[in-house]
Enquirer: 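Before anything else, here's the structure in question.
Just so you know, these numbers use all the heavy atoms, side chains as well, and skip hydrogens, waters and symmetry mates.
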Amino acid sequence: MLPEMGSEGSSRVVVPRNFRLLEELERGEKGIGDGTVSYGMDDADDVYMQSWTGTIIGPPNTVHEGRIYQLKLFCGKEYPDQPPGVRFQSRINMSCVNYETGVVEPSLFPMLADWKRENTMEDILMQLKKEMMSPQNRKLSQPCDGNEDGRVDQKGLVVKCCIM
């Protein structure tokens, strides 16, 4: 652990990247809050712990209700000093998401634009869920195909749904 000097001369401990990611993995495996958000590693053999999968169950009383959204998060070598890349695998129409690619645009999602080292993947998923409930996103029409380009998940299932 590396000491870092604070603004008033006090020191705080900076947790190394791999320790931080192990903490996040442990927390993700235990489950989060009410169970509508979860995350974990894509590949247990990924020693650099870069590729993660997240899931958000759409919040009630929105067009997202009942939908299950899959996301990919990529933690580069600079994580947690730099935010992870975040991309929806499931098709979604949201103000902060590029409709064609599913990428959460940092310039349109304040948590990524104003990233702080203390933020976590859990924080990102929870904030995206809150964003789904925001006035500009709660009633946006959604694509009929819940799984972009009919992508197949690891279990060989194709998820399709249509919210009218």
Enquirer: Would you say the side chain of Q70 lies within less than 4.5 Å of the side chain of T53, judging by non-hydrogen atoms?
Expert: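 Answer yes - side chains close enough.
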Enquirer: Is any side-chain heavy atom of R138 closer than 4.5 Å to one of N61?
Expert: yes
Enquirer: Quick check: do K72 and W52 have side-chain heavy atoms less than 4.5 Å from each other?
Expert: no
Enquirer: Are the side chain of E105 and the backbone of C96 linked by a donor-acceptor contact shorter than 3.5 Å?
Expert: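 Not at all, since once roles are kept as given, no pair shorter than 3.5 Å links the two residues.
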Enquirer: Evaluate whether atom CZ of F74 has more than 12 neighbouring non-hydrogen atoms of other residues, nucleotides or ligands under 6.0 angstrom away.
Expert: yes
Enquirer: Any ion pair linking R27 and E23 (charged N to carboxylate O, less than 4.0 Å)?
Expert: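 Salt bridge between E23 and R27, a charged N being under 4.0 Å from a carboxylate O: no.
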Enquirer: Hydrophobic cluster membership, with links at side-chain heavy-atom distances under 4.5 Å among I/L/V/M/F/W/Y: are Y79 and L22 in one?
Expert: yes
Enquirer: Got E131 and Q136 here, is their nearest side-chain heavy-atom distance under 4.5 Å?
Expert: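 A side-chain contact under 4.5 Å exists here.
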Enquirer: Should L71 and L125 count as side-chain neighbours, where that means a heavy-atom distance under 4.5 Å?
Expert: yes
Enquirer: Look at the aromatic rings of Y69 and F88 and report parallel, tilted or perpendicular, splitting at 30° and 60°.
Expert: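 Taking F88 first and then Y69, their aromatic rings stand perpendicular (interplane angle over 60°).
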Enquirer: Can you pull the salt bridge (charged side-chain N to carboxylate O under 4.0 Å, His left out) pairs that have at least one residue in residues 73-86, sequence neighbours excluded?
Expert: D81-R117
Enquirer: Under the side chain to side chain donor-acceptor pair (under 3.5 Å) rule, collect the residues that match up with Q127, sequence neighbours excluded.
Expert: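 Testing Q127 for side chain to side chain donor-acceptor pair (under 3.5 Å), a comparison that skips the adjacent residues, returns none.
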Enquirer: State, yes or no, whether a side-chain contact exists between P84 and I124 at a heavy-atom distance under 4.5 Å.
Expert: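 Yes, side chains in contact.
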Enquirer: Can a donor-acceptor pair be found, under 3.5 Å and without considering hydrogens, that links the side chain of N93 to the backbone of P143?
Expert: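 Checking the backbone N and O of P143 against the side chain of N93, no donor-acceptor pair under 3.5 Å is found.
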Enquirer: State whether the side chain of E122 and the backbone N or O of E24 hold a donor-acceptor pair below 3.5 Å, judged by distance alone.
Expert: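 Judged by distance alone, no pair lies under 3.5 Å.
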Enquirer: Looking at L73 and G54, what are the two nearest heavy atoms and their distance?
Expert: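 Answer, listing the atom of L73 first, then G54: CD1-N, 3.8 Å.
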Enquirer: With a 4.5 Å cut-off on side-chain heavy atoms, are V103 and V97 touching?
Expert: no
Enquirer: Considering only heavy atoms from C-beta outward, does the side chain of I92 approach that of M132 to under 4.5 Å?
Expert: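 Answer yes - side chains close enough.
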Enquirer: Provide the closest heavy-atom pair for L128 versus M94 in the form atom of the first, atom of the second, distance.
Expert: O-CE, 3.8 Å
